[in-house]
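Along the sequence shown, residues are numbered consecutively beginning with 1. Predicted, not measured: the structure shown is a model, and the values here were computed from it.
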Amino acid sequence: MKKREKQQTQRPKMLIVDDKAVNRYVLRSIFEEEYEIVECQDGRGAIEVLGEERDGVAAVLLDIVMPVCDGFAVLKYMKETALCTVPVIFISSNVDDQNIQRARDYDVADYIQKPFQENVVRRRVQRVIDLYQNRKGSDAYMQAE
């Protein structure tokens, strides 16, 4: 049992933030074999997790429209606390030019529309994570020189 627990803690964490349990379930089922999944139903919970975990999160899948605290409030918090190294992928059915532009202003890595298509979500999220990890690696290499 301890060996299994140890294996789980070695997996990178993914934060899934959506007020709808069904959306969190679908995303968790896509990624739970490769990532330790942390779920929140609103932005306030996401801010708490990000405050505790800092750079321990490989990616944030973030809904825009949520009660209590929306996705843009989470992005504002991340920008103010220098958590910009954590890639954020917006997940929303609310795809309009204004939200897309606001997301770009916060350097959101990608924007995935609901309903989810598993193969598209998996491929796009993994691509973003790989890009951010490669960027971190090259930044560390440059600092070492």
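- A pairwise comparison of heavy atoms in Tyr111 and Asp96 identifies OH-N, 4.3 Å as the closest pair.
- Contact between Ile89 and Ala59 at its shortest, heavy atoms only, is CD1-CB, 4.4 Å.
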* **Full working for salt bridge (charged side-chain N to carboxylate O under 4.0 Å, His left out) between Arg122 and Glu34** => CA-CA 11 Å; Arg122 180 183 303 281; Glu34 301 106 295; 3.0 Å; yes
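- Note on Val120 and Leu27: separate hydrophobic clusters, where clusters join Ile, Leu, Val, Met, Phe, Trp and Tyr whose side-chain heavy atoms are under 4.5 Å apart, directly or indirectly.
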* Test side-chain hydrogen bond (donor to acceptor under 3.5 Å, both in side chains) applied to Gln126 and Asp130, step by step -> CA-CA 6 Å; Gln126 194 57 55; Asp130 290 345; 2.9 Å; yes
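- Cys40 has its side chain out of reach of Ile16: every pair of non-hydrogen atoms, C-beta onward, lies at least 4.5 Å apart.
- In summary, of the residues considered (Leu75, Val60, Leu62, Ile64), a side chain to side chain contact (heavy atoms under 4.5 Å, CB included) with Val108 occurs for Leu75 alone.
- Atom-to-atom distance recorded for Met66:CE and Asp18:CG is 7.0 Å, nearest 0.5 angstrom.
- Here Lys79 pairs with nothing under the salt bridge (charged side-chain N to carboxylate O under 4.0 Å, His left out) rule; sequence neighbours left out.
- A salt bridge does not link Lys76 to Asp70: none of the charged nitrogens lies less than 4.0 Å from a carboxylate oxygen.
- With respect to Glu32 and Arg11, no salt bridge is recorded, no charged nitrogen being found less than 4.0 Å from a carboxylate O.
- Linking ILVMFWY side-chain heavy atoms closer than 4.5 Å, directly or via other members, places Phe72 and Ile100 in a single hydrophobic cluster.
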Validation: residues 42-53 side-chain donor-acceptor distances under 3.5 Å, sequence neighbours left out:
| residue | atom | partner | partner atom | Å |
| --- | --- | --- | --- | --- |
| Asp42 | OD1 | Arg44 | N | 3.0 |
| Asp42 | OD1 | Gly45 | N | 2.9 |
| Glu53 | OE1 | Lys13 | NZ | 2.7 |
| Glu53 | OE2 | Lys13 | NZ | 3.2 |

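- The two residues Ile91 and Val17 come nearest to each other via the heavy atoms CD1-O, 4.1 Å.
- Exactly one residue among Asp97, Asn99, Asp105 makes a side-chain hydrogen bond (donor to acceptor under 3.5 Å, both in side chains) with Gln101. That residue is Asp105.
- Put simply, the side chain of Val38 does not reach to within 4.5 Å of the side chain of Met14, judged on heavy atoms.
- In the hydrophobic clustering of ILVMFWY residues, with side-chain heavy atoms under 4.5 Å counting as a link, Val68 and Leu61 come out apart.
- Side-chain rings of Phe90 and Tyr106 stay apart, their centers remaining 6.0 Å or farther from each other.
- At least one side-chain heavy atom of Lys114 sits less than 4.5 Å from a side-chain heavy atom of Asn23.
- Taking 4.0 Å as the cut-off between side-chain N and carboxylate O, Arg24 and Glu39 count as a salt-bridged pair.
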* I would like to know whether Gln117 and Asn119 meet side-chain contact (heavy atoms from CB on, under 4.5 Å); could you show each step before the answer? => CA-CA 6 Å; Gln117 296 176 5; Asn119 59 338; 4.0 Å; yes
* Asked: What's the verdict on side-chain contact (heavy atoms from CB on, under 4.5 Å) for Ile30 and Tyr35, showing C-alpha distance, side-chain angles and the deciding distance?
  -> CA-CA 10 Å; Ile30 293 171; Tyr35 295 91; over 6 Å; no
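- Cation-pi geometry between Arg28 and Tyr25 is not satisfied (NZ or CZ under 6.0 Å from the ring centre, within 45° of the ring normal).
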